[in-house]
Amino acid sequence: MSTQTKTLTKKEALFEYLIRLADDRLILGHRLSEWCGHGPILEEDIALANVSLDYIGHAASLYEYAVEIEGEDRHRDDLVYFRNDVEFKNLKLTELPKGDFGFTIARQFLFASFSYFLYKELSEVDDEQFAGMIKKHLKEVKYHLRHSREWVLRLGDGTEESHERIQNSFDDIWTYVGELFYQDEVDEFLQEHKLAPDTASFKDEWKELVEGSLKEATLEVPDWDQYMVTGSRDGLHTEHLGHLLAEMQHLRRSYPDGNWQ
């Protein structure tokens, strides 16, 4: 469904917004799960797996509320396993390959810090069920931010190699951070109904946290004014999402009626 050519209803706008939030967390959770068994140390292997499960759990709750709002008798799994890449609305930042540990940490820090400010605002929206869900997730989002920020400091102010790797990671991923604050008519409609925050309201705070953390880690802050990619909220993605979905959806699409009995 295009949201560009018709007047939105409250139900359509909220459904779209929930899908965007859920897709971000599902895809990033899947990416993080690729570290399971490959972490640099045992504790971090477990930590990344737990963060991955947190994201997938958050996505499940958001999908469940989305199908409830939609009222078309769909199951959350229908949204996960039976949509094509152009129907996913996740940020391109979340679908990029996991790269090395430095890249994973750089992405985690940028996404977790944005989620922290976003979720603080979302926990006050005028929808008791939505706000309650967000408040519960926010406790884990705070942990994700603390965990990733500690690793940014450790890698940036660590060895020459760790410093170089995470600096390169921030430089490479910077072109994707502009989408974090993308807003369109869906956001504007929900803001009018007190169901979503204006992300511009906390952008300066977020930038201050990111810049302060990178400088504390002896890292250079990339240019905020460089070219930023766009389009993911309209279903435009990198080549990587299709490969990820093929892996994630293959079994369920091959055996749509399969079960564990």
Handout entry: Expected output: side-chain Asp127 to main-chain Phe130 donor-acceptor under 3.5 Å
Key = yes

Completion exercise
In short, Ser162 meets Leu155 closest at the heavy-atom pair OG-O, 2.7 Å

Problem - N/O donor-acceptor pair under 3.5 Å between Arg31 side chain and Leu96 backbone - result: yes

Practice task
Looking only at non-hydrogen atoms, find the nearest pair between Leu110 and Leu180 and report the distance.
Solution key: O-CD1, 4.2 Å

Exercise for the section: Using the side chain to side chain contact (heavy atoms under 4.5 Å, CB included) rule, take Leu91 and Tyr182 through it: C-alpha gap first, then chi angles, then the decisive distance, then the call. Expected result: CA-CA 10 Å; Leu91 298 164; Tyr182 170 83; over 6 Å; no

Problem - Asp54-Tyr143 side chain donor-acceptor pair, cut-off 3.5 Å - result: no

Practice task
Any chance you could measure Leu28, atom CG, to Leu93, atom CG, to the nearest 0.5 Å?
Solution key: 7.5 Å

Practice task
Assess the side chains of Trp151 and Glu44: does a donor N or O sit below 3.5 Å from an acceptor N or O?
Solution key: yes

Practice task
Report yes or no: does Thr218 contribute a side-chain atom to a donor-acceptor pair with the main-chain N or O of Gly156 at less than 3.5 Å?
Solution key: yes

Practice task
Step through the shown structure and confirm whether more than 12 heavy atoms of other residues, nucleotides or ligands are within 6.0 Å of CG on Asp223.
Solution key: yes

Problem - Ring-ring centroid check Tyr55 His144, cutoff 6.0 Å - result: yes

Exercise for the section: Treat each ILVMFWY residue as a node, draw an edge where side-chain heavy atoms are under 4.5 Å apart, and state whether Phe103 and Val221 are in one component. Expected result: yes

Practice task
State yes or no: do Leu214 and Trp224 share one hydrophobic cluster built from I, L, V, M, F, W and Y residues joined by side-chain heavy-atom distances below 4.5 Å, directly or via other members?
Solution key: yes

Problem - Common cluster, Met133/Leu53, ILVMFWY with side-chain heavy-atom separation under 4.5 Å - result: no

Problem - pair Ser213-Leu209: side-chain heavy atoms closer than 4.5 Å - result: yes

Problem - Min side-chain heavy-atom separation Asn90-Leu26 under 4.5 Å - result: no

Handout entry: Derivation and outcome, side chain to side chain contact (heavy atoms under 4.5 Å, CB included), residues Leu195 and Tyr17
Key = CA-CA 10 Å; Leu195 290 170; Tyr17 193 79; over 6 Å; no

Problem - Cluster link Leu153 to Val51, ILVMFWY, side chain under 4.5 Å - result: no

Handout entry: Main-chain N/O of His237 paired with Glu95 side-chain donor or acceptor, under 3.5 Å
Key = no

Problem - Main-chain N/O of Arg165 paired with Ser169 side-chain donor or acceptor, under 3.5 Å - result: yes

Exercise for the section: Give, for atom CG of Leu8 and atom CD of Glu12, the distance between the pair rounded to the nearest 0.5 Å. Expected result: 6.0 Å

Handout entry: Side-chain touch Pro256/Phe82, heavy atoms, less than 4.5 angstrom
Key = yes

Handout entry: Backbone of Phe189 reached by a side-chain donor or acceptor of His193 within 3.5 Å
Key = yes

Exercise for the section: Assess Arg253 against Tyr81: is NZ or CZ under 6.0 Å from the centre of the six-membered ring, and within 45 degrees of the ring's axis? Expected result: no

Practice task
Kindly give the cluster partners of Ile46, where membership spreads through any ILVMFWY side chain lying under 4.5 Å from a current member.
Solution key: Leu42

Practice task
Would you indicate whether the side-chain heavy atoms of Leu219 and His163 approach each other to under 4.5 Å?
Solution key: yes

Problem - Nearest-0.5 Å distance, CG of residue Leu138 to NZ of residue Lys120 - result: 8.5 Å

Practice task
Assess whether atom CD of Glu160 is packed by more than 12 heavy atoms of other residues, nucleotides or ligands within 6.0 Å.
Solution key: no

Practice task
Considering non-hydrogen atoms only, spot the tightest contact between Ala66 and Phe15 and give its length.
Solution key: O-CD1, 3.2 Å

Exercise for the section: Report yes or no: does Arg25 contribute a side-chain atom to a donor-acceptor pair with the main-chain N or O of Leu21 at less than 3.5 Å? Expected result: yes

Exercise for the section: Taking the side chain as every heavy atom from C-beta outward, state whether Trp35 and Asp45 have any atom pair closer than 4.5 Å. Expected result: no

Handout entry: Test item: side-chain donor near acceptor, Glu140 and His58, under 3.5 Å
Key = yes

Handout entry: Side-chain heavy-atom pair Val210, Ser113 within 4.5 angstrom cut-off
Key = yes

Practice task
Please collect all salt bridge (charged side-chain N to carboxylate O under 4.0 Å, His left out) contacts where either partner lies in residues 187-216, sequence neighbours excluded, each pair once.
Solution key: Arg20-Asp187, Arg149-Glu216

Practice task
Starting from the C-alpha separation in whole Å, work towards a yes-or-no answer on side chain to side chain contact (heavy atoms under 4.5 Å, CB included) for Lys92 and Glu179.
Solution key: CA-CA 8 Å; Lys92 292 178 183 177; Glu179 278 198 319; 3.7 Å; yes

Problem - Side-chain donor/acceptor of Arg74 to backbone N/O of Asp78, under 3.5 Å - result: no

Handout entry: Close side-chain approach of Asp23 to Arg83, heavy-atom, < 4.5 Å
Key = yes

Problem - Point-to-point distance, once rounded to the nearest 0.5 Å, from OH of Tyr176 to OG1 of Thr94 - result: 11.0 Å

Exercise for the section: Answer whether the closest heavy-atom distance between the side chains of Leu32 and Lys98 falls below 4.5 Å. Expected result: no

Exercise for the section: Spell out, yes or no, whether Ile56 and Leu62 are grouped together once hydrophobic residues are joined by side-chain heavy atoms under 4.5 Å, including indirect joins. Expected result: no

Practice task
Using a strict 4.0 Å threshold on nitrogen-to-oxygen distance, state whether Arg233 and Asp184 make a salt bridge.
Solution key: no

Problem - Nearest non-hydrogen partners of Leu122 and Pro197, listed with the distance - result: CD2-CD, 3.4 Å

Fill in the blank from the handout: OG1 of Thr159 to CZ of Arg154, rounded to nearest 0.5 Å, is 12.5 Å

Problem - Over all atoms of both residues, closest heavy-atom pair of Arg76 and Ala60 - result: NH1-CB, 3.5 Å

Practice task
Please confirm whether the backbone N or O of Val80 pairs with a side-chain atom of Gln249, one donor and one acceptor, at under 3.5 Å?
Solution key: yes

Exercise for the section: Taking the six-membered ring for Trp and the single ring otherwise, decide whether the centroids of Trp206 and Phe181 are under 6.0 Å apart. Expected result: yes

Practice task
Starting from the C-alpha separation in whole Å, work towards a yes-or-no answer on side chain to side chain contact (heavy atoms under 4.5 Å, CB included) for Asp24 and Phe111.
Solution key: CA-CA 10 Å; Asp24 286 344; Phe111 184 80; 4.0 Å; yes

Exercise for the section: Of all the heavy-atom pairs spanning Ala200 and Gln183, show the shortest one and how long it is. Expected result: N-NE2, 4.0 Å

Problem - Exam field: side chain Asp85 to backbone Gly242, donor-acceptor pair closer than 3.5 Å - result: no

Problem - Basic-acidic side-chain contact under 4.0 Å: Glu16, Lys89 - result: yes

Problem - Glu68 atom CD, over 12 foreign heavy atoms within 6.0 Å - result: yes

Handout entry: Interatomic distance, Ser61 atom OG to Lys136 atom NZ [nearest 0.5 angstrom]
Key = 6.5 Å

